[in-house]
Structures are given as C-alpha cells and as structure tokens.
Amino acid sequence: STQYVPPYTEECRSGMYPPRGPTFKGAVTWYTVDLDLPPSKRWTEVITDKKANLVSMIQAIKDLANSFVPSGKLIELVDRDLPLIVNTLPYPFNEEIKGIAQDSGVALGEVVLFNIFYEVFTV
Amino acid sequence: CTSLVAEDANGNLFHGRNLDFGLFMGWDSKNRSWIITETLKPLVVNVDFTRNNRTVFKSTNFAGYVGMLTGIRPHTFTLTMNERFSLDGGYIGILEWILGKRDGMWMSFLTRSVLENATSYEEAKNRLAQTKLLAPAYFILGGNQTGQGCVITRSRVLSLDIWELDRKQNRWYVLETNYDHWKDPFFLDDRRTPAMKCMNQTMQANISIKTIYDVLSTKPVLNKLTTYTTLMEVSKGRLESYIRDCPNPCMPW
C-alpha cells in the first residue's frame with residue numbers, strides 16, 4: 001500500500017478525535033499572560049515551568065551551530081552581538097525578551113536568536 | 001506546516017493547523033526524528049492573554065517565543081502563519097535592519113500585534129496584507145461570518161495574492177502548506193494534495209473540529225516535523241492544541 005513507500009501517503013484517517021494513540025504525544029498546558037503587567041514580568045510563570053526545556057532546546061541549537069562552526073565563533077557572535085539588536089526591536093517585545101532571559105538564565109543573545117529565528121532560518 | 005480555514009454548511013468557520021519545524025536541523029538516526037523538533041515539543045504551551053482580567057486573545061506558543069504563529073481572537077478572527085521560502089528572504093530584511101533601515105516588521109511581532117489590537121477580520125486582513133515585513137510569509141486568516149477565510153501570500157514588501165473562500169465557486173475551504181497556491185508544490189514535498197483529497201472526501205456537510213483533526217492526522221500532512229496540531233472554532237472562542245508524534249513509516253517532512 002502507499003503507506004509503505006515515500007511519501008507514505010495514508011488513506012484519509014477518521015475517528016482520530018478525541019486525540020489518543022501513537023500520533024498523540026500529549027495535551028498542552030494553559031497559562032495566562034497578563035498584559036497589564038510590565039512586559040518583563042509577563043512570561044515569568046511560563047518560563048519558570050519551562051526553563052529546563054528552553055535551556056535544552058537552546059543547547060540543541062548551539063550544538064547544531066557548533067557542528068557547522070566548531071570554533072564556537074558563531075555562538076560567540078550570537079552572545080556578543082545579538083544583545084545589541086534587542087533594543088532596536090519594537091516595544092514591548094524587546095522588554096519581554098529581556099524578561100525571558102532574566103527568568104530563564106539563558107543568555108540574552110540566545111533568547112533574541114530564538115525570537116527572530118523565522119527571519120534567520122530563511123537563510 | 002499545513003493550515004486550513006473551512007466553513008460548514010451552516011456558515012460556521014473552523015481553523016486548523018499543523019506546526020512543522022526543524023527541517024535539516026539535526027537528524028537523530030537512532031530515534032528517526034529531528035532533534036530540534038523533539039526539543040520544541042515540550043515547549044508547546046497554550047496562552048490566554050488578558051487585560052483587566054478579560055481575555056484579549058489566546059494562542060499556542062513555544063515557551064520563550066513572544067511572537068505569534070497560531071492564535072484566536074475569540075468570536076472575531078483566527079490566525080496562523082506558514083513559512084514561505086523566497087530568495088528575497090529574511091536575511092535581506094535582517095541586513096537592512098542592522099544597517100539601520102527599519103521600516104519593516106518582524107513577522108511574528110506583526111501577528112502578535114494583530115491578535116492583540118485588531119478588532120475585526122477586515123482590519124486584521126488589511127494589516128497582514130499591507131505591513132512591510134522582514135521576511136516573506138503566508139498568513140491564513142479566518143473571520144466570524146460566512147465567506148470570511150483567506151490565505152494572504154506575502155513577499156517582504158508586497159501582498160502577492162489574497163485567496164478567499166468563495167461560496168459561488170464552491171470553495172468552502174482554503175488550505176495552505178508552504179507553496180504559492182497557484183503553483184504546484186515541490187514534488188518531493190506535496191502535502192497539499194493528500195490534505196485536499198481528505199478535505200474533499202470529508203465534504204462540507206461533515207466538516208467539524210473532529211474531521212479537521214482527522215485530516216491533520218493523515219500522513220504526510222502529519223510528518224516527522226509536526227510538533228503540534230491546533231484546532232480553533234471562532235464562534236465558540238475555542239482553541240485546543242495537541243502535541244503530535246508520527247509513528248514509522250513516516251515522511252521526514
């Protein structure tokens with residue numbers, strides 16, 4: 001059947017809802033972000049819960065960058081230069097990004113890179 | 001990514017999306033999965049953005065990312081964005097930004113600003129179509145009245161096309177992956193055809209949150225890059241998301 005040769009096109013699935021089984025990896029937790037709070041404080045609850053996951057995702061991107069540039073120069077550039085860009089980003093996003101770096105302990109340049117990744121990735 | 005807006009026979013609008021990300025960013029051959037995709041899955045969160053203790057909009061986010069890729073302004077509009085590849089890409093926008101030419105907007109800050117401030121489908125559509133961007137993109141927008149659904153194809157500077165629901169042409173859904181809808185998709189990455197086949201097989205009479213989830217669960221619409229599936233129903237202000245896996249055999253993208 002077509003399912004066993006690329007692109008592994010299946011017959012249209014049915015009865016998949018409510019989500020369960022091997023294609024369902026888990027529900028998604030709800031958080032509240034209070035827009036009345038100062039921007040740098042808005043994401044504290046989320047980041048406090050997800051700090052470890054954020055650190056390991058950033059580390060995976062760093063490992064990838066180091067595999068392209070083993071000297072580590074690419075990471076140095078991110079950590080040294082991207083903080084310069086954060087103050088050119090529109091308010092309140094620049095302040096929210098600073099708050100996330102503060103709450104997570106991740107370098108500011110790396111949080112900036114994560115947040116502009118869409119534009120960077122088109123490279 | 002695969003995003004779709006569909007209208008049922010009663011004029012209800014539904015919006016669904018698979019967020020696929022992490023292509024070519026490290027393959028784990030032991031687990032047959034993409035490294036970045038797998039590290040993104042635990043970061044998926046649903047967020048209720050409030051002001052004066054009232055919901056302004058809701059979104060599905062990656063924790064640590066302040067822009068928006070998937071969101072609903074309850075009872076008003078729903079919005080997702082898909083990546084668009086173009087030689088006139090984001091790196092040019094970033095270079096211009098660094099050189100001080102800062103009249104464009106970062107894509108995910110625009111979607112965040114639209115969800116936070118636009119108060120109608122038309123206003124959202126105008127802002128998404130007319131704001132200069134740093135990178136090209138597809139914006140998939142659903143409204144709260146019959147016929148309000150479209151795919152806005154954006155270059156950095158222009159709105160190249162707005163493809164709308166059209167009852168007269170029996171276009172009861174619009175579906176976008178990562179290719180301009182008037183061109184054939186890249187033959188090695190055709191998720192559009194199987195998705196449309198399943199939508200047509202479902203038929204308008206049966207479209208619902210459940211059947212949209214079925215379409216987004218069918219390989220290769222579901223693939224190794226799929227991090228989450230979000231389902232939205234604007235009339236109920238409802239957003240629900242699920243973290244996904246794609247059991248082997250499964251396309252890498």
Side-chain angles (χ1 to χ4, degrees), chain A residues 3-19 22-36 43 46-47 49-50 53-54 56-61 63-64 67 85 88-90 92-93 96-97 100 104 106 111 114-123, chain B residues 25-26 35-36 39-52 56 60 63-67 83 85 89-91 93-94 97-98 102 106-109 112 116 134-135 190 194 197-198 201-202 209-210 213-215 217-220 222 228 241-247 249-251:
Chain A
Q3 298 191 28
Y4 295 96
V5 291
Y8 306 119
T9 302
E10 292 178 309
E11 291 310 313
C12 298
R13 305 307 305 269
S14 63
M16 299 292 283
Y17 191 94
T23 67
F24 172 58
K25 188 162 187 171
V28 177
T29 310
W30 276 95
Y31 293 88
T32 296
V33 165
D34 181 352
L35 294 170
D36 295 318
W43 294 93
V46 175
I47 297 304
D49 277 11
K50 294 291 185 177
N53 303 119
L54 182 59
S56 62
M57 192 277 298
I58 296 275
Q59 186 57 49
I61 291 184
D63 294 345
L64 182 74
S67 64
I85 215 171
T88 70
L89 298 180
F93 312 121
E96 289 186 13
I97 287 170
I100 288 166
S104 63
V106 173
V111 179
F114 182 38
N115 276 275
I116 64 172
F117 208 79
Y118 178 76
E119 281 78 7
V120 170
F121 189 62
T122 61
V123 177
Chain B
M25 295 178 71
I35 293 170
I36 297 299
T39 59
L40 280 172
K41 289 180 184 177
L43 287 173
V44 178
V45 292
N46 286 330
V47 183
D48 183 358
F49 288 82
T50 64
R51 191 169 275 130
N52 303 322
V56 177
T60 305
Y65 188 82
V66 304
E83 182 153 21
F85 303 101
Y91 56 98
I94 290 179
W97 187 275
I98 290 170
R102 293 174 187 154
W106 300 84
M107 180 282 302
S108 66
F109 297 161
R112 162 84 185 265
E116 199 166 324
L134 266 68
D190 182 5
K197 179 190 133 200
C198 295
Q201 193 169 294
T202 301
I209 287 283
K210 294 179 188 228
Y213 187 78
D214 289 340
V215 172
S217 299
T218 302
K219 300 171 189 173
L222 178 72
Y228 67 80
S241 304
Y242 303 98
I243 297 172
R244 305 310 301 267
D245 245 355
C246 190
C250 175
M251 274 300 271

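Every chain is numbered from 1 and lettered A, B, ... according to where its sequence line falls, protein lines coming before strand lines. Because the structure is a prediction, the values reported are computed rather than measured.
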Toward chain B, the part of [X] with a non-hydrogen atom under 4.5 Å:
X       : value
A:Pro22 : both
A:Ile58 : neither
A:Ile47 : side chain
A:Ser14 : both
A:Trp30 : both
A:Ala60 : both
A:Leu35 : both
A:Ile61 : both

Rounded distance [0.5 Å steps], [atom1] in [X] versus [atom2] in [Y]:
X        : Y        : atom1 : atom2 : answer
A:Asn115 : A:Phe93  : CG    : CZ    : 10.0 Å
B:Ser217 : B:Arg244 : OG    : CZ    : 3.5 Å
A:Asp63  : B:Ile36  : CG    : CD1   : 8.5 Å
B:Phe85  : A:Phe121 : CZ    : CZ    : 6.5 Å
A:Phe114 : A:Met57  : CZ    : CE    : 3.5 Å
B:Asp48  : A:Asp34  : CG    : CG    : 10.0 Å

Quiz item: Under 6.0 Å between the ring centres of B:Tyr242 and B:Tyr213?
Solution: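 Centroid separation for B:Tyr242 and B:Tyr213: below 6.0 Å.
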Quiz item: Between A:Ser56, A:Ser104, A:Gly15, which has the largest tally of heavy atom pairs under 4.5 Å with chain B?
Solution: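 Looking at each of A:Ser56, A:Ser104, A:Gly15 in turn, A:Gly15 comes out on top.
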Quiz prompt | Options A:Ile85, A:Leu89, A:Val46, A:Ile97, ranked by heavy-atom pairs under 4.5 Å with chain B, top entry | solution = A:Leu89
Exercise. Could you tell me whether the side chains of A:Glu119 and B:Trp106 share a donor-acceptor contact shorter than 3.5 Å?
Key: no
Quiz item: Is it the side chain or the backbone of B:Asp190 that comes within 4.5 Å of chain A heavy atoms, both, or neither?
Solution: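 No part of it gets close to chain A.
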Pick from [options] with the largest number of heavy-atom pairs that fall under 4.5 Å of chain A:
options                               : answer
B:Pro220, B:Gly67, B:Gly89, B:Ser108  : B:Pro220
B:Gln201, B:Lys41, B:Lys197, B:Arg112 : B:Arg112
B:Ile35, B:Ile98, B:Asn52             : B:Asn52
B:Leu43, B:Thr50, B:Thr39             : B:Thr50
B:Thr60, B:Val215, B:Leu40            : B:Leu40

Quiz item: Around atom NZ of A:Lys25, are there more than 12 heavy atoms of other residues, nucleotides or ligands at under 6.0 Å?
Solution: yes
Quiz item: For B:Arg102, which residues count as a salt bridge (charged side-chain N to carboxylate O under 4.0 Å, His left out) partner, sequence neighbours excluded?
Solution: none
